[in-house]
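Have a look at the structure below, then the notes.
Residue numbers begin at 1 in each chain, while the letters A, B, ... track the order of the sequences. As the structure is a prediction and not an experimental result, all values here were calculated from the model.
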Amino acid sequence: MQDLMKKIVSLCKRRGFVYQSSEIYGGLKSAYDFGPLGVELKRNIMNAWWRDMVHRREDVVGIDASIIMHPRVWEASGHLAGFADPLVDCLVCKERFRADKAPTADEGAAVTLTFADKGVAKRALEIVEKQFGVVLERDGKDLKGAVAGDRGYLCPNCGSPWLSAERQFNLMFRSSLGATDAMDGVAEAIEQGALEGLAGRDLRAKLDELMKPSAVYLRPETAQAMFVQYDNVLQSMSMKVPFGIAQMGKSFRNEITVEHFIFRSVEFEQMEMEFFCEPGTDDAWMDYWRDERMKWWKKFANEPDKFRLRPHEPDELAHYAKGCYDVEYLYPWGWGELEGIANRTDYDLGKHAKYSGQKLDYFDPTERKRYVPYVIEPAAGATRGLLVYLIDAYHEEEVDGETRAVLRLHPQLAPIKVAVLPLTKKDGLPELARKVVDAFFRRGINAKYDEQHSIGKRYRRHDEIGTPWCLTIDPQSLEDGTITIRDRDTMEQRRIAIDGAVREVEDLLHQEA
RNA sequence: GCGGGAGUAGCUCAGUGGUAGAGCGCGACCUUGCCAAGGUCGAAGUCGCGGGUUCAAAUCCCGUCUCCCGCUCCA
């Protein structure tokens, strides 16, 4: 199975889909560049998404927001919490909290863990026994018999003493806005002795205070811009709820671990849509978008069965979400996320209303009522989509004892739509072939003229990069004005008129999806 | 974060202290003319990077970077 990933990574580099970032300098961890074919594939995926989510609907409009936003946005959204404070995870209930705000407990003190209900308490009992080898005694929703450790505090949610180490979580990339370096202020403070005697958490807090006036952050998701600009879009476009705002673009996250080639990287591209609807209609819209998005991924796939929907368990839901489905794909290493469709309720608009002091509620003129819309968010990974469709398309088969590698990409996703090949380099065949390829260029169809090496090699080269059709100009073309068109997947050929070649390919291209 | 593996030509890899190699790919020419054909010639390597041991290091030692795998973590 891992062979498959190795082959794909190798093909990506060899044929110009994906390169390691800054490779001549030794490479940069978890950053990748898209080559000439990769950028085509990625754009084709993103354009198909935009076409289906925005252009083919009248209830969704798009925006393209700046990557750097007002820092208060991230305070409101909750992303900034914990940036300066050590965070701790409870290993039992998964709550993440600030160590300095947690309830205190002396080492050795008896501790009782308390949960929302008996069911959750039962699960916690098993976790503690399995992971920490301690058998507690359950009494209803309480667990008794635990002892506080030397940390001096407990989980504020369940009271557990089983906690992760204190860590600074810098989820977001911090930068500074302004031509003067924020470090100047720090240097000055040191010279003036303002940091004298400070240590640990206090020093950290003082430094943050000095950096804060110029601190800005690279967005960790595109979503917040849609909430922040919700009212502008509503007013300027005369939108009526229900409606959606879509956006594609880069996001940045300092992931704890990066893995699986471009699957999880610190810089990645998202395709997100926030759909604003009336509370009470949100469950129906959730079902609608869940099904729409699933259908969308499957329609470009060779193996639709490798996509599935997985509802989040109640205990893995984000704090703001009422419900969430993941679109998952069966990667070579197992099922993994591709898109999340979440019911974010009125959490984000409510938070931004509170932090900005602006009214973000909606007045329905026909129903004559006022409410803060609920939001259904289908948030897809564009870079993950690229990886998924490469894996889905990669195929090897035996042809006359040789292995044929072919990328069975959906024609609308294929980087190059058509290869134009003179059978040989003689007898005027290249000249005629040039005329054919020019006709495609004039129509804006990404075509490729190729006369290098034997015809068999050229077919295989284009199979490997997913070119759906090869047009071959042979001596007969000079006589009767016909050429052959070869199908990538079946390798079958038929003769068509040169004059109708562009039309033929356009028809094939628009046939599906 | 922990553990394991890897890094030598564009790709896949061989090379265990003594002259840097193969296959494929790439370029030119010839041949050929519909599914990775053949021939001739050619270009291409800071052996990941830095330091050390040695008369001598791709090879041994230390550090470091990057990638892969497993666990952990994260959403």
If the [atom1] atom of [N] is compared with that of [M], how far apart are they to the nearest Å?
| N | M | atom1 | answer |
| --- | --- | --- | --- |
| A58(B) | U19(B) | P | 10 Å |
| C73(B) | C2(B) | C1' | 11 Å |
| C34(B) | C29(B) | C1' | 23 Å |
| C35(B) | C30(B) | C1' | 22 Å |
| G23(B) | C67(B) | P | 32 Å |
| G5(B) | U40(B) | P | 43 Å |
| G7(B) | U59(B) | C1' | 14 Å |
| A9(B) | A44(B) | P | 15 Å |

Q) Looking at side-chain heavy atoms only, is the closest gap between W162(A) and C155(A) below 4.5 Å? A) no
Q | Proximal nucleotide (of A75(B), C67(B), C74(B)) relative to the Q20(A) side chain | A | C67(B)
Q. Quick one: are the ring centres of W333(A) and F263(A) less than 6.0 Å apart?
A.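 Yes, close enough.
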Roughly, in whole Å, what's the span from [atom1] in [X] to [atom2] in [N]?
| X | N | atom1 | atom2 | result |
| --- | --- | --- | --- | --- |
| K29(A) | U64(B) | NZ | C1' | 13 Å |
| F263(A) | C68(B) | CZ | P | 13 Å |
| H79(A) | C74(B) | NE2 | P | 16 Å |
| H260(A) | U66(B) | NE2 | P | 18 Å |
| I262(A) | C68(B) | CD1 | P | 11 Å |
| E23(A) | C49(B) | CD | P | 13 Å |
| H312(A) | A75(B) | NE2 | C1' | 8 Å |
| E328(A) | A75(B) | CD | P | 16 Å |

Any side-chain N or O of [X] under 4.0 Å from OP1/OP2 of [N]?
| X | N | answer |
| --- | --- | --- |
| Q452(A) | G25(B) | no |
| K6(A) | C68(B) | no |
| H453(A) | G27(B) | yes |

Scan every strand shown for a Watson-Crick or G-U wobble partner of [N], both distances under 3.5 Å, and answer none if you come up empty.
| N | answer |
| --- | --- |
| C41(B) | G27(B) |
| A14(B) | none |
| U66(B) | A6(B) |

(Q) Just checking K250(A): does its NZ atom have more than 12 heavy atoms from other residues, nucleotides or ligands closer to it than 6.0 angstrom? (A) yes
Q) Out of curiosity, M271(A) CE to M46(A) CE, how far, rounded to the nearest 0.5 Å? A)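 Here the rounded value is 6.5 Å.
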Q) Using 30° and 60° as the class limits, which term best fits the ring planes of W297(A) and Y389(A): parallel, tilted or perpendicular? A)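 Judged by the thresholds at 30° and 60°, the geometry between W297(A) and Y389(A) is tilted.
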Q.
I'd like to check the salt bridge (charged side-chain N to carboxylate O under 4.0 Å, His left out) partners of D463(A); sequence neighbours left out, ordered by chain and number.
A. R404(A), R486(A)
(Q) When you measure from the centre of the six-membered ring of W335(A), is the NZ or CZ of R308(A) closer than 6.0 Å and no more than 45° off the axis? (A) yes
Q. What does nucleotides 32-38 of chain B look like as a protein-contact string, B for base, S for sugar-phosphate only, - for none, at under 4.0 angstrom between heavy atoms?
A. -BBBBS-
Q) Looking only at side chains, do S77(A) and Q224(A) share a donor and an acceptor under 3.5 Å apart? A) no
